[in-house]
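Each residue takes its place number in the sequence, starting with 1.
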Amino acid sequence: MPRSRLTTIVLATSLSVVTLASPAFAKTKPVVVPASVFANEDSKLCMPRTALSALVDKKTLKTMPETICETKTDWESRGLEFKLK
């Protein structure tokens with residue numbers, strides 16, 4: 001399995017667990033990812049729609065695709081914050 005695909009799967013799995021366990025008021029908790037995930041401005045990160053569960057209402061969340069692939073800027077515009085390691 002390619003490293004980028006593995007990174008996406010691991011991030012998606014760990015993020016969904018963190019997101020589901022997070023209280024609603026912890027909307028700005030940063031998502032920790034390796035710096036290589038965003039190697040350039042056009043790099044996209046794919047995560048499950050549950051990554052946005054604390055940021056949007058349930059009705060809107062259900063209308064979104066199961067997996068969302070966006071750039072760092074796009075994710076941040078939705079309210080997610082990243083911490084690069």
* Given Phe82 and Val32, is the side-chain contact (heavy atoms from CB on, under 4.5 Å) satisfied, shown in steps? -> CA-CA 6 Å; Phe82 293 96; Val32 180; over 6 Å; no
* With no hydrogens and no angle check, is any side-chain donor or acceptor of Arg49 less than 3.5 Å from a backbone partner on Met64? -> yes
* To do: Report the C-alpha distance between Leu84 and Val37 in whole Å, list the side-chain angles of each, state the deciding distance to 0.1 Å, and finish with yes or no for side-chain contact (heavy atoms from CB on, under 4.5 Å).
  => CA-CA 9 Å; Leu84 304 178; Val37 171; over 6 Å; no
* To do: May I have the step-by-step check of side-chain contact (heavy atoms from CB on, under 4.5 Å) for Leu52 and Thr60, ending in yes or no?
  => CA-CA 10 Å; Leu52 300 171; Thr60 302; over 6 Å; no
* Spacing of NZ belonging to Lys72 relative to CG belonging to Asp42, to within rounding of 0.5 Å -> 13.5 Å
* **Closest non-hydrogen atom pair, Ala51 against Leu80** => O-CD2, 3.7 Å
* Short side-chain to backbone donor-acceptor contact, Trp75 and Leu45, under 3.5 Å -> yes
* Could you give the distance from OG1 (Thr71) to CD (Glu76), rounded to the nearest 0.5 Å? -> 8.5 Å
* Ion pair present between Lys44 and Glu70, side-chain N to carboxylate O less than 4.0 angstrom? -> no
* Asked: Taking atom CD of Glu66 and atom CE of Met47, what is their separation to the nearest 0.5 Å?
  -> 14.5 Å
* Determine whether the side chains of Asp74 and Ser77 contain a donor N or O and an acceptor N or O closer than 3.5 Å. => no
* Less than 4.5 Å apart, any side-chain heavy atom of Leu61 and any of Ser53? -> yes
